[in-house]
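Being a predicted model, the structure only gives us computed values, none of them experimental. In the text below, chain A, chain B and the rest are named by the order of the sequence lines, each starting its count at 1.
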There are 2 protein chains.
Amino acid sequence: MSTLEPGRGTHVVTMRDVAKAAGVSVATVSNVINDKPGARIGDEARQRVHNAVAELAYRPNMLAKTLSQGTSRFIGLVADAIATTPFAGQIIHGAQDEAWKNGYVLLVANTDGNQAAEDEAIAMMLEHQVQGILYSTWYHREITVPPMLQQTDAVLVDCFASGSGLASVVPDEEQGGRSATEGLLAAGHRRIAFINTTTPSPAQSGRLAGYRAALDAAGIDFDESLVFLATPEQEGGFVSTTDIIASGASAVFCHNDRVAMGLYDGLREKGLRIPEDMAVMGFDNQDVIAAHLRPPLSTVALPHYELGAAGVRMLLGLESSSGAVPTLIACPPILRHSI
Amino acid sequence: MSTLEPGRGTHVVTMRDVAKAAGVSVATVSNVINDKPGARIGDEARQRVHNAVAELAYRPNMLAKTLSQGTSRFIGLVADAIATTPFAGQIIHGAQDEAWKNGYVLLVANTDGNQAAEDEAIAMMLEHQVQGILYSTWYHREITVPPMLQQTDAVLVDCFASGSGLASVVPDEEQGGRSATEGLLAAGHRRIAFINTTTPSPAQSGRLAGYRAALDAAGIDFDESLVFLATPEQEGGFVSTTDIIASGASAVFCHNDRVAMGLYDGLREKGLRIPEDMAVMGFDNQDVIAAHLRPPLSTVALPHYELGAAGVRMLLGLESSSGAVPTLIACPPILRHSI
DNA sequence: CTGAAAGCGCTAACAC
DNA sequence: GTGTTAGCGCTTTCAG
């Protein structure tokens, strides 16, 4: 490949080499490279340094730099499941972008929900002098904070731990539920069913609360017989079909897109058309599904990217956060053609 | 900035503190902590060190360690799209697990396919003294290698660059196509249609080659009129429905799961049942879709996790690799109920 | 068996 | 303006 031996982790040319080549001291090199504010450097010397840098293809050693400065530019992200759910990756994406934007780099660890792996991951991050840790889960829920997390700054992403005092950022389920319902209401529906999940969770209670709030605001009485429970995937939606039809509703708000997908199948099987015979609204905006159903599904997006980004902003102190109550990120409605 | 937060972020206790507390020298502490092979340490001293470590909650500074050793334990992963496609995240996951297993930590960067971001990402990784870089794309394709990548060891994941000399690991599209077709063949089908993608790609040619190979092996003549072209998502599958039915095939191998999903809709609309009236086979094993269609879709899995894992193994020299020809990872067939 | 000392590559006072 | 010189926290000869 080349004469020097690159790739083996360390590159040969150091700041001292540059200094020598430019005929200046390392301090000068350091100053021009970092464009140090209070440093007076002659134009001529500065130019020589820049030339030498280019000449030697010098690349600063970040590790040495942070060592001497005492402050690293790492942010850790520990996730219980990086890819179990398709969109969880967006949390990484958002965190990575925001970290990057602020000159930080992301250290990622996946723990698969394994306690030991989790501790090891946190330990490793601490050893790497991370500025702080983002602890994230792949679906919104309450967690108990790993004790080791207390040893550094941390913010919980897509999860929370009441009483822990840790900052946390989660999706605004209630607003999401409200928006979803409002979308249906706006289309003129008044008898709106809701297929909620069987799993107790912030999503379960939040979306229901939102649904009720929207109905309320529209002056429609909440009708218990219009809310159904189903497992949160295709099968759940499918088996709910008859109940939905029997309910006399003209529209359904589904706990998530997968349920909506199952419902699509069920409805089609019964010969009903969407949205003519039944309007349907999903939740999550799962990209493989929502936009490609027939007809494309109207839904509410889970702001994973924003969750990750807001998490690092809070960690970096760029955005205020409360240890007492989770910061809510809006779930924007996405209108397509199922309404 | 955060000088008021002493215990956070950077920890105060250093190896020197431990040495002092244990009444030994730092060299001794270093030796016992790293369990240095050639170092004879008195049991008594060793014990005192361990006590001191526990007492002070000492945590080694990885950055200082790698600085002095000259060799870091970082591996970089640059991806053009971490989450654009749901399962791309599995590449990260696999890479992370394997890196971790070998005592390395993953530095992740997402470039969104942006050239400048890419260069910046690689530069940053180089500055962090990474052992090497995994360069990955979210779908299998040929790329032109970013010049900067030449400055370190690199392996291409889910992509390749012929003539670059870089090691590369990609899915075995042809074997996947063969397996898919064989699955259909094994169920007794002889007239098997193939909906291929309109996009020229290794997937397009590889899967077709596999399809032909399987037919060939079964003694069935390749019938050009049985292969159709469609855009690689739901819509493509849906609009292909009439062609498929008209072709007289009893089974269809779809370029991917999304196409299969569209076809499901089309078939259902025509009143045809799967698999009784038409057997269908997908490709990708996209988890939100495949397992949850009605009936669950038989498909072939894209080994993203393995791709990531194999990539770091090759980078670390744990697995042989050729710079000339990509290493192929098998795409295992997943049989469900659509056949 | 254990300690002193010389760096690793860089930054940050403080001289000159 | 620019160079000298201490470290940062740790590893690693090399004496004793």
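The only option from Val24(B), Asn51(B), Asn31(B), Val32(B) that meets the side-chain contact (heavy atoms from CB on, under 4.5 Å) definition with Arg46(B) turns out to be Val32(B).
Proximity of Thr14(B) to the phosphate of dC10(D): a side-chain N or O atom is located under 4.0 Å from OP1 or OP2. Residue Arg16(B) places at least one side-chain N or O under 4.0 Å from the OP1 or OP2 atom of dC8(D). An OP1 or OP2 oxygen of dG3(C) is reached within less than 4.0 angstrom by a side-chain nitrogen or oxygen of Ser25(B).
Between Arg141(A) and Asp80(A), at least one side-chain N (NZ, or NE/NH1/NH2) sits under 4.0 Å from a carboxylate O, which counts as a salt bridge. One finds no salt bridge joining Arg73(B) and Glu127(A) here, because no Lys/Arg side-chain nitrogen approaches an Asp/Glu carboxylate oxygen to under 4.0 Å. Ionic pairing of Glu306(A) and Arg313(A) is present here: one or more N-O contacts between side-chain nitrogen and carboxylate oxygen are shorter than 4.0 angstrom.
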Enumerate the protein-to-nucleotides 12-16 of chain C contacts in which both atoms are nitrogen or oxygen and the separation is below 3.5 Å.
| from | atom 1 | to | atom 2 | distance (Å) |
| --- | --- | --- | --- | --- |
| dA12(C) | OP2 | Lys36(A) | NZ | 2.6 |

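In this structure, Ile41(B) reaches the sugar-phosphate backbone alone: every heavy-atom distance under 4.0 Å involves primed, P, OP1 or OP2 atoms, never a base.
Atom C1' of nucleotide dT2(D) and atom CE of Met15(A) are separated by 13 Å, given to the nearest angstrom. One interatomic measurement links the two molecules: CD of Glu44(A) to C1' of dG1(D), which rounds to 12 Å at whole-angstrom precision. Put simply, CZ on Arg59(B) is 12 Å from P on dC10(D), counting in whole angstrom units. One can place CG of Asp43(A) at 11 Å from C1' of dG1(D), the figure rounded to the nearest angstrom. Atom-to-atom, CZ of Arg48(A) to P of dT2(D) comes out at 8 Å; the value is rounded to the nearest Å. Distance, Asn61(A) CG to dG7(C) P: 18 Å, rounded to whole Å.
Ring geometry for Phe74(B) versus His128(A): interplanar angle of 30 to 60°, hence tilted.
The backbone N or O of Ala79(A) sits less than 3.5 Å from a side-chain atom of Asn110(A), completing a donor-acceptor pair.
Residue Gly42(B) is the one, among Ala64(B) and Gly42(B), whose nearest nucleotide of DNA chain C lies closer to the 5' end (criterion: closest heavy atom).
Within the 4.5 Å cutoff, side-chain heavy atoms of Ile41(A) are placed close to those of Thr28(A).
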